[in-house]
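Note on naming: letters A, B, ... go to the chains in the order of the sequence lines (proteins, then strands), and numbering restarts at 1 for each one.
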Amino acid sequence: MSTATDKKPATMAQALQRAMRDAMAEDPTVHVLGEDVGTLGGVFRVTDGLAKEFGEDRCTDTPLAEAGILGTAVGMAMYGLRPVVEMQFDAFAYPAFEQLISHVAKMRNRTRGAMAMPIVVRVPYGGGIGGVEHHSDSSEAYYMATPGLKVVTPATVEDAYGLLREAIACDDPVVFLEPKRLYWSKSDWSPEDPAPVEPIGKAVVRRAGSSATLLTYGPSVPVCMEAAEAAREEGWDLEVVDLRSLVPFDDETVCASVRRTGRAVVVHESAGFGGPGGEIAARVTERCFHHLEAPVLRVAGFDIPYPPPMLEKHHLPGVDRVLDAVARLQWETER
Amino acid sequence: MSTATDKKPATMAQALQRAMRDAMAEDPTVHVLGEDVGTLGGVFRVTDGLAKEFGEDRCTDTPLAEAGILGTAVGMAMYGLRPVVEMQFDAFAYPAFEQLISHVAKMRNRTRGAMAMPIVVRVPYGGGIGGVEHHSDSSEAYYMATPGLKVVTPATVEDAYGLLREAIACDDPVVFLEPKRLYWSKSDWSPEDPAPVEPIGKAVVRRAGSSATLLTYGPSVPVCMEAAEAAREEGWDLEVVDLRSLVPFDDETVCASVRRTGRAVVVHESAGFGGPGGEIAARVTERCFHHLEAPVLRVAGFDIPYPPPMLEKHHLPGVDRVLDAVARLQWETER
Amino acid sequence: MTVQELPGAAAYRPTPPPAWRPRTDPTPLLPDPEPFRVLGTGAELDRALMLKLYAELVRGRRFNAQATALTKQGRLAVYPSSTGQEACEVAAALALEERDWLFPSYRDTLAAVARGLDPVQALTLLRGDWHTGYDPREHRIAPLCTPLATQLPHAVGLAHAARLKGDDVVALALVGDGGTSEGDFHEALNFAAVWQAPVVFLVQNNGFAISVPLAKQTAAPSLAHKAVGYGMPGRLVDGNDAPAVHQVLSEAVGRARRGGGPTLVEAVTYRMEAHTNADDATRYRGSAEVDAWREHDPIRLLEGELTARGLIDEDGIRAAAEAAETMAAALREQMNAEPTLNPMDLFAEVYTAQSGQLREQADQLRAELEAEAR
Amino acid sequence: MTVQELPGAAAYRPTPPPAWRPRTDPTPLLPDPEPFRVLGTGAELDRALMLKLYAELVRGRRFNAQATALTKQGRLAVYPSSTGQEACEVAAALALEERDWLFPSYRDTLAAVARGLDPVQALTLLRGDWHTGYDPREHRIAPLCTPLATQLPHAVGLAHAARLKGDDVVALALVGDGGTSEGDFHEALNFAAVWQAPVVFLVQNNGFAISVPLAKQTAAPSLAHKAVGYGMPGRLVDGNDAPAVHQVLSEAVGRARRGGGPTLVEAVTYRMEAHTNADDATRYRGSAEVDAWREHDPIRLLEGELTARGLIDEDGIRAAAEAAETMAAALREQMNAEPTLNPMDLFAEVYTAQSGQLREQADQLRAELEAEAR
Ligand SMILES: Cc1ncc(C[n+]2csc(CCOP(=O)(O)OP(=O)(O)O)c2C)c(N)n1
Ligand SMILES: Cc1ncc(C[n+]2csc(CCOP(=O)(O)OP(=O)(O)O)c2C)c(N)n1
Ligand SMILES: [Mg+2]
Ligand SMILES: [Mg+2]
C-alpha cells in the first residue's frame with residue numbers, strides 16, 4: 001500500500017477516466033461508446049486516452065444518434081458485453097428515452113432474469129457551468145421514476161471512482177449522473193491507490209451534526225457543506241447526508257440521521273415540483289413522522305426551464321437559500 | 001337548454017370525441033393528428049368520425065413516428081394552428097420525449113412569450129385493460145417533473161369533455177392523460193348540453209367526509225370512491241379529492257381538505273417511488289404539518305415494471321389496499 | 001486490425017470539390033425494379049428445401065388460425081396474425097443457422113416457432129402470463145418486440161459484439177412497413193452500415209400499419225430503396241414466394257457472415273387478417289384488394305408449383321395438413337391448461353438483488369395473498 | 001381537393017406481384033455524382049447577385065471572426081463558428097423570400113444575420129442573457145436549435161400548416177452532417193415527402209460532427225443519396241461555391257413553392273475552425289487537410305472569379321471589407337454594453353399565466369434580491 005504522500009490532487013473527471021480505464025483493463029467485456037468519446041476523449045475529456053490504450057473497438061466514436069447508441073448497447077449487452085455509454089449532455093439523453101425506459105430498465109424483468117442489462121449510462125448533468133439552453137438539465141426525476149434502473153451520482157473525487165467502478169461491475173443498468181460543475185473539483189487522491197469501492201446503495205454522512213439534517217446529492221453536496229459551516233454562526237449544527245444513490249434509496253442512513261436531528265431539508269438543483277425532493281421528503285415523513293419537529297422542507301431549483309447562463313445563479317440553490325430553509329424549521333417549537 | 005331527461009349514457013371515449021368535434025367545429029385552427037386517428041378513428045375510437053366530418057387535413061393519419069408527430073405539431077403551432085396529438089399508448093409517447101421536453105415545454109419560455117405552444121398531447125395511460133407489456137404504463141411522473149407542461153387527467157365523463165375543451169383552448173401545452181380503463185365508463189350525459197367547462201387547475205371534492213382525505217386522480221378515482229363507501233363500515237367517513245390537474249396543482253382545495261380531516265392518503269396507479277404521490281405528500285406535509293395526525297401515506301403501484309395481464313390485479317391499488325392505508329393513519333392518536 | 005479499421009469504416013476522407021466524389025457508386029445498392037421471384041420462373045428447386053418450406057407454411061397457417069381461435073376463447077390476450085405472411089416468417093427462420101440470432105417484432109411469433117421455439121413459450125407474451133416466455137440466449141431469439149423498430153438497434157449491437165468477438169454470428173431483424181418510419185429504424189441501419197455489422201433487416205411490407213396504408217407511410221419508390229441512403233444494398237423480394245424470400249435472405253445472411261456487411265430486404269406481402277383479433281379491417285380496406293392478394297397466397301403459390309412439377313403429391317399435401325392439425329391439437333390442449341403463476345414473481349427480477357424497498361412491497365403482497373387465502 | 005388527396009399522397013396502392021412495381025422511378029431522385037458548381041464553369045453570372053453574395057460572404061467571415069473574438073473577451077458564452085461555410089449560410093438566407101421561414105441549427109447565426117436579423121438579437125443565445133433573442137414570428141426565423149435535427153420536423157409542420165392555409169410559404173431547414181444520423185432527421189424527411197410539404201433541407205456537410213469525421217457518421221455514397229429513401233430529389237452542391245449553393249437552393253425553394261414537394265440538398269463544405277471556441281481541433285485532424293480546404297475557400301473562389309471576369313475591382317473589394325469592418329465595430333460596441341437582465345423574468349413566460357406555485361417562487365426570489373440590494 002502506498003503512503004498518503006503519493007496522493008496528488010486529481011479532478012473528478014480524471015477519477016472517472018481512471019475508473020473506466022481500470023475496469024477495461026480488468027474486464028475485456030467492458031466497452032465504452034458515445035459521441036466523441038474516442039479520438040477526442042469526450043467533450044469533458046472523461047474518456048481521454050481510452051481509445052488509444054484499448055483501441056477503437058473498445059472505446060468507440062458512434063454516429064450521432066442517442067437512441068442508436070443506447071439501442072446498440074442493449075444488443076451488445078445481450079451478447080455478453082458490458083457497455084458504458086456516454087451521453088454528451090443531460091438533454092441529449094432524451095432521444096434515448098424509449099430505449100432506456102422500455103428496454104434497458106425492463107429487460108431483466110421481462111425475461112424473468114434470463115437477460116441482464118449490465119449497462120452504465122453516463123450522463124453529465126446539472127448547471128452552473130454557463131452552458132446555453134439544453135446543456136444544464138437535472139433529469140434525475142425521470143430516471144428515479146423508472147423501476148429497473150439504478151441511479152447513482154457522486155459528489156467527491158473518491159466516490160466518482162468508486163461508484164463508477166461499482167456501476168460498471170453491476171449487473172443492473174445504472175444511470176450514472178455526473179455533476180458537470182464538479183468535473184474539475186479536486187481532491188488529494190491517488191489513482192494508484194484508490195479508496196476501497198463502496199457498494200451502490202449506501203448514503204454517507206459527510207458531516208455529522210445534531211440540529212438538523214441536510215439531505216442532498218451530487219452538485220448540491222458542496223453547497224450543503226458550505227451551508228453547514230455557515231450555519232455554525234447561527235448556532236445550528238447541521239448534519240449533511242450525501243445520498244450518492246437515489247435508487248436504491250438508503251432509507252436506513254437517511255432515517256437514522258433525521259430521527260436523531262428531528263429536522264430535515266432536502267436540497268437539490270432539479271426543479272422542485274415533481275423532483276426527487278418530493279419522494280425523499282415523503283418517505284422520510286412516512287418513516288420518521290413522530291421524530292419530526294417540523295415538516296421536511298425542500299430547497300430546489302425553481303419550477304422553470306433551466307435559465308440562461310447569466311441568470312443561472314438566481315436559479316441554483318445556494319448557501320443562503322439552504323440557510324433560509326433551515327431557519328424555517330420551526331425552531332420555536334424546540335423540545 | 002335541454003332537460004335532464006335528454007341525457008343518455010355516454011362513455012368517456014364518446015365525451016372525448018365530442019370535445020374534439022366541438023372544438024374543431026368552433027375553431028378551424030384545431031387539427032388532430034396521430035397514428036390511425038383518421039380512417040380508423042383511433043384504436044380506442046376516440047377520434048371516430050372526425051376525419052369524415054372535417055376532412056383528412058383536419059384529422060390526419062400520420063406516418064408511424066411519434067417524434068415526427070409531435071415535432072410537426074410544434075411547427076404547425078408555430079404557424080398558428082392548435083394541434084391535438086394522439087399518442088397511441090403511454091409507452092409509445094416515449095419516442096417523442098425529446099420533442100416534448102426540449103421544445104414543447106420550453107418554447108414559450110425560451111422565446112420570452114413570443115411563441116406559445118397550444119398543443120394538446122393526448123396519452124391513453126394506465127393499466128387494468130389486460131394489455132401486453134408497454135401498453136399500461138403510468139407515465140405522469142415524467143410529465144409532472146417538466147416545467148412548462150400542464151398535466152391533466154379526467155376521471156368522469158363530464159370532466160373528460162370539459163377538461164379536453166379547456167386543454168384545447170389553452171395556450172400552454174397540455175399533456176392530457178386519458179385513463180384507458182375508464183374509456184368505457186358511462187354517465188348520463190348529453191353531448192348537446194355538456195356541463196359548463198371548468199378551467200384547468202382545479203381539484204374537486206368528489207365525496208365529502210370528515211375522517212381522512214383520499215387524494216387521487218384518473219383511474220384511481222372510482223377505486224377511492226368505492227373504498228370510501230366500504231370505509232363506512234369501519235366507521236370512517238372519507239373525503240375523496242379528485243385532483244384532475246396535476247400541473248398546475250390545486251394546493252388550495254387539497255390543503256383545505258387535509259386541514260379539515262387531519263389525515264390523508266394519496267392513491268395512484270403509477271409506481272410509488274419517484275411517482276406523483278411523493279410530490280403530493282411532501283407539499284401537503286409542508287403546508288399542513290401541524291394539522292396532520294399521521295404522516296400522509298401513499299398507495300401506489302409497486303416499484304416494478306408494469307406486470308403482464310394475468311398479474312396486473314395484484315399490482316393495481318384496489319379498495320383493500322386503500323383501506324389498509326387508511327387503517328394505518330394512527331387512529332389511536334385521535335385527538 | 002480492429003473492426004473500426006476495416007475497409008468501409010473510418011478510411012474515407014472527403015476532399016474539396018471539384019475532386020470530391022460520392023464515397024461509393026450507388027448503383028449496386030439499388031434494388032431491382034421487380035421483386036425477386038422464384039416460383040413461376042422455371043428456376044431449379046431444391047426438393048428437400050421446398051418440402052420443408054411447404055410443411056412449415058402449412059403448419060404456420062394452421063398456427064395462425066389456432067392462435068386467433070384461442071383469443072376468442074380467452075386463452076390469449078391478443079394475437080396479431082401473420083396469415084398471408086407465412087412465407088416471410090418461415091423463410092426468416094430457415095435462413096438462419098443455429099448460432100444466429102432472430103429479432104422478431106410483435107407479429108413474428110410464427111418465425112420464432114418455425115425456428116423451433118416451443119409454441120407455448122412463444123405465445124407467453126400474448127397469453128398474458130408473463131412478458132417473454134423463453135430464455136432469449138438459449139434460443140437466440142430476442143424477446144418479441146412491441147415498441148416498433150426498437151429491436152433493430154439491438155440486432156445491430158448484438159451482431160457487432162459477435163463480430164468483435166470473432167464469432168461468425170448473424171442477426172436477422174424483422175420490422176413492418178410502418179416501423180420503417182420510426183427514428184430507430186434509421187439509426188439502426190446507419191449504425192449497421194458504418195460498423196459493417198453482420199445484420200440483415202427484413203421489412204415485411206404488408207401494406208398496412210394497423211389502418212394506415214403504405215401510401216401514407218412513405219413516398220419512397222420502395223422501402224428497399226432506403227438502403228442506398230445508408231450505403232448498404234437493398235433487395236426487393238416477392239414476400240409470398242417462400243423460395244424467393246428464403247434465397248434472398250440466405251444470400252444476405254451469407255454475405256453478412258463473410259464480413260460483407262448489412263443488407264436491407266423488403267418483402268412485398270399482405271396482411272390477410274385484421275391487425276389483431278381486436279381490429280376491424282373493414283373500416284379501412286375493401287374486399288376487392290384482399291381478394292386480389294388471396295390469388296397470390298404463399299401456400300397456394302408454392303403448392304401449385306410443387307404439384308405442377310411433381311415435387312409433391314396428394315399424399316404429401318395430406319401429410320402436411322395432418323401434421324399441422326396435430327400441432328394445432330397439441331397447442332389447443334397446452335393452452336387450455338391453466339397457467340400457474342406466482343404473484344410473488346412480480347418482485348423477483350426487477351433487479352439482480354431485491355432492494356429493501358421491494359422486499360417491503362413483496363411482504364405486503366404476500367400478506368395480502370395469505371389473508372385472501374384464509 | 002385536400003392536401004391529403006393531392007397526387008403523391010394517399011393515391012398509391014400496391015398490387016400483388018408479379019404486377020407490383022416500385023411506386024416511382026428512383027432515377028430522377030438520385031443526385032448527380034459531381035457536386036453542382038458555378039464558379040470555374042464559365043456559366044453566366046448575374047452581377048448584382050454576385051456582388052451581393054460577395055459582400056455578404058465578406059461580412060459573414062468578419063462576423064465569425066468578431067464573434068470568436070468576443071468569446072475570448074467573455075462577451076459570448078460560446079461561439080460555433082461557420083468560417084469556411086459562409087457560402088452556405090449566406091445563400092440560405094438569400095434564397096428565401098421574406099414570407100419564408102428559416103430553421104437554423106446552433107451553428108447558423110450567420111444565416112439569421114444575413115437574413116437581416118439584428119446581430120445582437122441573433123447572438124443572444126450564445127451571449128447567455130436569454131435563450132432566443134428575437135421574436136421568431138416577426139423574423140420568420142425559428143430559434144437557433146441546439147438539440148440536433150429536432151428543428152427539422154418543426155420546419156415540416158410549419159410548411160405543411162402554411163400549405164393547408166393556402167399560403168405559398170416555404171421553410172428552409174439547416175442541419176449538419178452529424179445531425180443526419182438522428183432519428184428526427186429521418187422522421188422529418190419522411191413526413192415532408194408523404195405530405196409533399198414545401199420544405200427544403202440543407203445539409204451542410206462540413207466533414208465533422210465535433211471530432212467525428214464523416215466516415216464514422218455514414219457509409220452512404222453521399223448524404224444527398226438519402227433523399228431517394230424518402231421519395232424526394234437529392235441534390236449535391238459545392239458548398240463553397242456561393243452562386244452554386246444559391247442556385248440549387250433557389251430551385252428547390254421554387255419547386256417547393258409551386259407545390260413540387262421537398263428537396264434534400266447536401267452542400268459539401270468544411271469547418272475551418274474548431275467546433276466552437278471551447279474545442280481543440282488539433283486533437284482529431286491534421287493541418288494538411290485543413291490546408292487543402294483553405295485552397296477551396298468560398299470567398300477566395302468568388303473573389304477570384306469576379307475579379308477575373310471584371311465584375312469587381314479593387315475598390316469593390318475594399319468597399320466590401322470596409323463595410324464588414326464597420327459592422328464588426330458596431331457589433332463590438334453593442335456587445336460590450338452590459339446587458340440588462342431582470343432575474344424576475346425567469347418566471348415570466350413559463351406559462352401563459354403564472355400559477356400560484358410560481359408566484360410563491362417569484363416572491364421568494366424578489367425577497368432575496370431585495371435583501372441583497374439592501
Ligand atoms: C413505438 C410504437 N408506436 C406505436 C405502436 C402501436 N402499434 C402497434 S402495431 C402498429 C402498426 C405497425 O405496423 P407495421 O410496422 O407495418 O407492422 P405490421 O403490424 O403491419 O406487422 C402500431 C402503430 C407501437 N407498438 N410502438
Ligand atoms: C441531440 C443532440 N445530441 C448531441 C448534441 C451535442 N452536439 C452538439 S454539436 C454536435 C456535433 C454536430 O455535428 P454536425 O451535425 O455535423 O454539425 P456541425 O457542428 O458540424 O455544424 C454534437 C454532438 C446535441 N447538440 N444534440
Ligand atoms: Mg405493416
Ligand atoms: Mg458537421
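Considering every non-hydrogen atom in both D:R137 and B:G80, the closest pair reads NH2-N, 4.3 Å. Residues D:P147 and B:S102 approach most closely at CG-CB, 4.2 Å, considering heavy atoms. Here the closest heavy-atom approach between residue B:N109 and residue D:W130 is recorded as O-NE1, 3.0 Å.
A salt bridge does not link B:R112 with D:E349: every distance from a Lys NZ or Arg NE/NH1/NH2 to an Asp or Glu carboxylate oxygen is 4.0 Å or more. For the pair B:R287 and D:E360, the salt-bridge criterion is met [side-chain N within less than 4.0 Å of a carboxylate O].
Contacts between B:M107 and chain D at a heavy-atom distance below 4.5 Å involve the side chain alone, from C-beta outward. Neither the backbone nor the side chain of B:A73 comes within contact range of chain D; no heavy atoms are under 4.5 Å apart. For chain B, the nearby parts of D:A162 are the backbone and the side chain; heavy atoms of each come within less than 4.5 Å. Both the backbone and the side chain of B:K150 come within less than 4.5 Å of a heavy atom in chain D. With a threshold of 4.5 angstrom between heavy atoms, D:L189 does not approach chain B through any atom at all. In this structure, chain B has heavy atoms under 4.5 Å from both the backbone and the side chain of D:D135. Heavy atoms closer than 4.5 Å to chain D are found in the backbone of B:L149, but not in its side chain. Contacts of D:L346 with chain B are made by backbone atoms alone, with heavy-atom separations under 4.5 Å and no side-chain atom involved. Only the side chain of B:P248 comes within contact range of chain D, judged by heavy atoms closer than 4.5 Å. The part of D:S355 that comes within reach of chain B is its side chain, from C-beta onward, which places non-hydrogen atoms under 4.5 angstrom from that chain.
Contact of the B:E98 side chain with the D:D184 side chain is registered, since non-hydrogen atoms from C-beta on lie closer than 4.5 Å. Looking only at side-chain heavy atoms (C-beta outward), B:R283 and D:Q357 come within less than 4.5 Å of each other. For the pair D:P143/B:M78, a side-chain contact is recorded, criterion being any heavy-atom separation below 4.5 Å from C-beta on. Within the 4.5 Å cutoff, no side-chain heavy atoms of D:E187 are placed close to those of B:T72.
Between chain D and the options B:A114, B:G148, B:A67, heavy-atom pairs under 4.5 Å are most frequent for B:G148.
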Give the C-alpha distance, both sets of side-chain angles, the deciding distance and a yes or no for side chain to side chain donor-acceptor pair (under 3.5 Å) between D:T150 and B:H103. CA-CA 8 Å; D:T150 56; B:H103 287 296; 2.7 Å; yes
Can you check side chain to side chain contact (heavy atoms under 4.5 Å, CB included) on B:V247 and D:Y351, steps first, answer last? CA-CA 11 Å; B:V247 183; D:Y351 297 99; 3.5 Å; yes
Mind running side chain to side chain contact (heavy atoms under 4.5 Å, CB included) on B:H31 and D:L164 for me, showing each step along the way? CA-CA 11 Å; B:H31 282 242; D:L164 289 177; 3.5 Å; yes
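A donor-acceptor contact under 3.5 angstrom links the side chains of D:D167 and B:Y79, judged on distance only. When only modelled atom types and interatomic distance are considered, B:D171 and D:T352 share no side-chain donor-acceptor pair under 3.5 Å. No hydrogens or angles considered: a donor-acceptor pair under 3.5 Å links the side chains of B:Q99 and D:H154. D:H131 and B:T111 share no donor-acceptor pair across their side chains, judged by distance under 3.5 Å alone.
Summarising the geometry, atom NZ belonging to D:K165 is positioned 15.0 Å from atom CG belonging to B:D57; distances are rounded to the nearest 0.5 Å.
Under a cut-off of 6.0 angstrom, the local environment of CD in B:E252 is sparse, with at most 12 non-hydrogen atoms contributed by other residues, nucleotides or ligands.
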